[in-house]
Structures are given as structure tokens and as C-alpha cells.
Amino acid sequence: MIVLGVLASGNGSNLQAIIDNIKSGKLDAKLGCIISDNPDAFALKRAKESGVPAYYINPGSHKTYLETERELEYMKCLQEHKVELICLAGFMRILHSDFLRTFKDRIINIHPALLPSFPGLHAQRQAFEYGAKITGATVHFIDEGVDTGPIIIQRAVEVDDNDTAEKLAQRILKVEHQIYSEAIQLFAEGRLKKTGRKVEITNSD
Ligand code: GRF
């Protein structure tokens with residue numbers, strides 16, 4: 001059974017969906033540990049309530065990335081818990097190449113838009129304000145860029161005429177909760193074949 005490590009900075013509803021899907025048997029995985037860069041993250045509370053080891057690890061003083069020494073602590077924690085796949089779930093920091101090399105092809109992220117449209121922060125609002133008719137959610141591997149890694153699963157969400165950015169974000173979030181676990185399950189089954197930018201989903205045996 002694959003061991004997951006989740007990095008989360010905030011509410012942790014994607015983490016909760018993973019916890020729930022493991023409990024219900026939809027997802028054949030085990031949570032090794034949860035790490036947050038925010039001591040007040042609700043994600044930490046959710047993890048503790050489910051009996052998953054949960055840690056706040058100080059990210060250092062920079063706002064957008066983990067300082068090198070701190071990043072080593074994150075890596076050590078993940079390794080101590082024998083994490084095989086790292087799931088970023090609303091983790092608000094960029095990871096450096098050492099981290100990426102150590103966990104090569106074993107870090108994935110969920111993004112609330114259909115990449116490569118609307119990368120970066122507030123993607124749901126970006127799509128809404130742009131006037132997009134269709135947006136959605138993307139699960140992708142992490143590479144050196146911001147929201148640029150090879151795409152694993154995408155699912156569309158239509159923008160309604162009477163939408164608000166908030167209503168749209170809520171519908172996207174529901175889709176995120178589904179496709180993140182689907183992608184993790186495919187990874188766990190060894191069904192993701194990555195060639196360059198392309199990720200093929202192979203048939204189950
Ligand atoms: C989600 O919209 C996710 O796509 C984005 O950050 C948000 C995290 O939400 N990267 P939650 O903390 O999982 O509720």
C-alpha cells in the first residue's frame with residue numbers, strides 16, 4: 001500500500017477528501033504524515049483528528065519558498081515516515097531542485113483551473129474575471145516551474161451566467177476532491193507512464 005505525505009498550508013479540504021477516500025476504501029493508500037508551513041492550518045487539525053502524524057515545520061522567513069535548512073527538515077520528516085508520494089494540497093510554497101531531485105516524479109499537485117490556463121494564485125477568480133466559459137481542475141506532477149508540470153488528470157467545470165467567483169470556486173473544489181484521489185490511486189497502481197510532458201494512463205491488469 002502506498003504511503004502518502006501531504007503538504008498543506010490552509011483549510012485542508014483536499015486532505016480531508018483523501019482521508020475520507022482512504023477510510024471508505026476508494027483509495028488504497030496510507031497517510032504517512034502531514035506537514036504544514038502554517039502552525040494554524042486547519043489541515044493540521046484534520047490530520048490529528050484522524051490519527052495521522054501531523055507537524056508544523058517552520059518554513060523560514062521567506063514568503064514564497066522554504067529556506068534551504070528548513071527544506072531539509074521537510075525532506076527528513078517525509079523520509080522518516082517512508083513517504084512514497086508527496087501530495088501538495090494547497091501548499092503555498094515553491095520547492096527547490098534538491099527537494100525535486102530527491103522525490104523525482106513523486107510529487108503531485110492539485111490546481112483549481114485547467115492548466116496551462118490560469119496558473120498561480122486565485123486561479124478560480126482569474127478564470128471568472130477573464131470571462132472563461134469553462135474552467136476546472138488539474139492534477140499534475142511538480143517540476144521546476146509554477147504549475148507547469150506534466151498533467152495527470154483534468155476535469156472541466158462550466159461557468160454559469162449567474163455565477164460568482166466564490167460559487168464557481170466551490171464547484172471546482174468538489175471536482176478537486178474527486179480527481180485528486182483518482183490520480184493518487186492511478187499512481188499507486190503504477191498506471192501513470194510519464195514520457196516527457198505526456199502522462200499516459202495505462203490499463204489495469
Ligand atoms: C485548492 O483550491 C487547491 O487547488 C489549491 O489550494 C486550494 C486548497 O484548498 N492549490 P484546501 O486547503 O485543500 O481546502
Side-chain angles (χ1 to χ4, degrees), residues 4-23 26-27 29 31 33-50 52 54-57 59 63-66 74 85-95 99-100 107-130 132 134-159 163-184 187:
L4 309 177
V6 176
L7 304 192
S9 301
N11 179 27
S13 71
N14 275 288
L15 166 67
Q16 189 66 53
I18 293 170
I19 292 171
D20 294 345
N21 284 330
I22 290 175
K23 274 196 191 135
K26 269 193 208 155
L27 184 52
L31 278 160
C33 65
I34 310 301
I35 312 177
S36 184
D37 57 339
N38 167 12
D40 302 320
F42 193 58
L44 287 175
K45 207 164 165 234
R46 294 181 192 267
K48 283 179 191 149
E49 271 170 17
S50 301
V52 179
Y55 308 94
Y56 158 66
I57 301 182
K63 282 202 164 60
T64 54
Y65 57 82
L66 297 172
Y74 276 69
L85 176 67
I86 299 169
C87 303
L88 308 183
F91 188 63
M92 303 306 285
R93 286 169 199 272
I94 295 162
L95 301 167
F99 195 108
L100 302 184
I107 314 171
I108 61 176
N109 182 44
I110 179 90
H111 182 76
L114 294 177
L115 292 171
S117 292
F118 311 118
L121 292 176
H122 312 302
Q124 310 93 323
R125 181 169 291 279
Q126 287 185 55
F128 181 75
E129 287 176 357
Y130 193 87
I134 296 176
T135 181
T138 303
V139 183
H140 63 96
F141 283 107
I142 287 288
D143 67 5
E144 303 275 345
V146 176
D147 301 325
T148 53
I151 291 168
I152 301 169
I153 297 185
Q154 295 191 294
R155 196 153 299 156
V157 174
E158 285 188 25
V159 183
D163 249 336
T164 61
E166 290 69 29
K167 282 204 274 183
L168 178 62
Q170 281 308 315
R171 292 206 308 288
I172 294 172
L173 195 57
K174 279 196 186 144
V175 169
E176 292 182 42
H177 295 165
Q178 295 162 6
I179 65 171
Y180 213 3
S181 289
E182 287 174 22
I184 295 166
F187 185 98

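First listed ligand is number 1; within each ligand, the first listed atom is number 1.
- With hydrogens left out, the protein atom closest to atom 9 (O) of ligand 1 is Asn14 ND2, 3.9 Å, a heavy atom.
- In the displayed structure, Lys45 atom NZ is contacted under 6.0 Å by at most 12 heavy atoms of other residues, nucleotides or ligands.
- Ligand-side atoms of ligand 1 in range of Gln124: 2 (O), range being under 4.0 angstrom from any heavy atom.
- Residue Gly12 holds the heavy atom nearest to atom 12 (O) of ligand 1 of all those in Gly90, Gly10, Gly12.
- In this structure, the protein non-hydrogen atom closest to atom 10 (N) of ligand 1 is Ile110 O, 3.2 Å.
- The heavy-atom pair separating Asn21 from Ser181 by the smallest distance is ND2-OG, 2.8 Å.
- The nearest heavy-atom contact from the protein to atom 14 (O) of ligand 1 is Ser13 OG, 2.6 Å.
- Summarising the geometry of Ser9 relative to Asn38, their closest heavy-atom pair is O-ND2, 2.9 Å, with the distance given to 0.1 Å.
- Nearest heavy atoms, Ala123 versus Phe118: CB-O, 3.3 Å.
- Proximity of the aromatic rings of Tyr74 and Phe99 is defined here by a centroid distance below 6.0 angstrom, and this criterion is not met.
- Any N or O atom pair closer than 3.5 Å counts here, and Glu176 shares at least one such pair with ligand 1.
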